[in-house]
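Side chains included, hydrogens not; waters and symmetry mates left out as well; all remaining heavy atoms used.
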Amino acid sequence: MAGNNHGHTPAAWTGVTIAFIGFCVSGAFTVLANPVGFWAGIVVIALGGVVGMVMRSMGMGQQKRTVQQPQSQQQLT
């Protein structure tokens with residue numbers, strides 16, 4: 001795991017931060033027995049995922065690694 005850059009991107013940090021705020025909002029309104037606030041928190045959680053994906057598509061996520069295929073060996077005849 002240490003060899004990759006999993007999650008260390010602006011897209012990942014932003015998406016997780018927004019989702020964390022949504023979890024906090026949803027949890028607080030659960031304790032307060034307020035269903036509207038709970039569902040608002042759930043919407044914020046989903047918004048965090050959408051923001052993360054949009055930022056990744058804008059190039060702020062981890063770059064895809066290209067795997068080079070080994071050269072095929074030529075047969076000696």
List the atom of I18, the atom of V51, and the distance in Å for their closest heavy-atom pair.
-> CD1-CG1, 3.9 Å
So how far is it from M55 CE to T9 OG1, rounded to the nearest 0.5 Å?
-> 7.5 Å
Taking only residues two or more places apart in sequence or in another chain, which ones pass side-chain contact (heavy atoms from CB on, under 4.5 Å) with V54?
->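 side-chain contact (heavy atoms from CB on, under 4.5 Å) check on V54 returns V50, M58.
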Indicate every side-chain donor-acceptor pair of residues 19-38 with a distance under 3.5 Å to a residue at least two apart or in another chain.
| unit_1 | atom_1 | unit_2 | atom_2 | d |
| --- | --- | --- | --- | --- |
| S26 | OG | F38 | O | 3.3 |
| T30 | OG1 | S26 | O | 2.7 |
| N34 | OD1 | V36 | N | 3.2 |
| N34 | OD1 | G37 | N | 3.3 |

